[in-house]
2 protein chains.
Amino acid sequence: MSTQPSTSATAAPSGRTLEHPDRSAIRLEAVLHALSDPMRLRVVRALASHGSEMACSDVELDVSKSTCTHHFRVLREAGVISQIYRGTSKMNGLRRADLDMIFPGLLDSVLAAAEGEERRLGTAR
Amino acid sequence: MSTQPSTSATAAPSGRTLEHPDRSAIRLEAVLHALSDPMRLRVVRALASHGSEMACSDVELDVSKSTCTHHFRVLREAGVISQIYRGTSKMNGLRRADLDMIFPGLLDSVLAAAEGEERRLGTAR
DNA sequence: GTCGTAGTACGTCGCCTGTCAAACTACGAG
DNA sequence: CTCGTAGTTTGACAGGCGACGTACTACGAC
């Protein structure tokens, strides 16, 4: 509902703004669902390892642009990432502080699990 | 080996047996997906708080029997629970040891997150 | 201004998922 | 053996989701 920028003048470096769920509105099921897609999990892992913001096009997903937009939106609406427009790009950042506050340890164990799984599958397949 | 009922030894008290994924075959995405459904998350929480095995019908889900069967199967195939037939019932248990081994801390943080969320939603709505 | 780049919106397609009801199987109790 | 209980199977249905292409908008560079 209403993903429209509308007439807001909130300190975004660009005119456009995006709706993010408030920290208290983040739902566990939505987060788990967002993370249960391989594509999106890869995005989250990339953001986590990179440490700071990345443009959508900096994350390597070999799918079409529209699919990419879709996944980033799911992550944002679940409260997993934050997005702001910066010039012609859209920067994405993990909402680590918010997630750690309401679901302590969750993000870290998921990231660790993802890494462990990759290692397991990579070595002893 | 793992937690498979298999034939003999651990003796499934009933003739029927069920396939469980080997510990090494458990995939993170599948687990997250399994846990991202409210119904299934409730099952897992019930099993965790109960501590030992429960029959399908002991978990309160107000859906039809077939839907119930479906969700339990998803959980089993994702490697989250184990199921064995005991007489006319089917007992369900959390595969806590297996999960903790391959995804350390994951189950605990999800359970804690679920509890925290329930508390948040229940009190300060 | 024009152009290229980054991302969005929309419509579509196929598949997967959650739900159900109804008919069925497996077991224990009597 | 008969009956009731527990769970399965099958088939159906609606809705969601991931993928796509195309047309579009917003911005910076020139």
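The figures here come from the full heavy-atom set of this structure, side chains too, leaving out hydrogens, waters and symmetry mates. Only a predicted model underlies this, so the values are computations on that prediction, with no experimental measurement involved. All chains are named by letter (A, B, ...) in the order of the sequence lines, taking the proteins before the strands, and each is independently numbered beginning at 1.
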- Reading nucleotides 4-20 of chain D 5' to 3', which nucleotides get B (base under 4.0 Å from a protein heavy atom), which S (sugar-phosphate only), which -? -BSBBB--------SBB
- residues 47-63 of chain B vs salt bridge (charged side-chain N to carboxylate O under 4.0 Å, His left out), sequence neighbours excluded, gives E53(B)-R86(B)
- Interatomic distance, R120(B) atom CZ to E115(B) atom CD [nearest 0.5 angstrom]: 12.5 Å
- Inspect the contact between R95(B) and D100(B) and indicate whether a charged nitrogen and a carboxylate oxygen are less than 4.0 angstrom apart. no
- Nearest atoms (heavy-atom pairs only) where A78(A) meets I26(A): O-CG2, 3.5 Å
- Query: What residues form a side chain to side chain donor-acceptor pair (under 3.5 Å) with Q83(A), not counting sequence neighbours?
  - Reply: R76(A), N92(A)
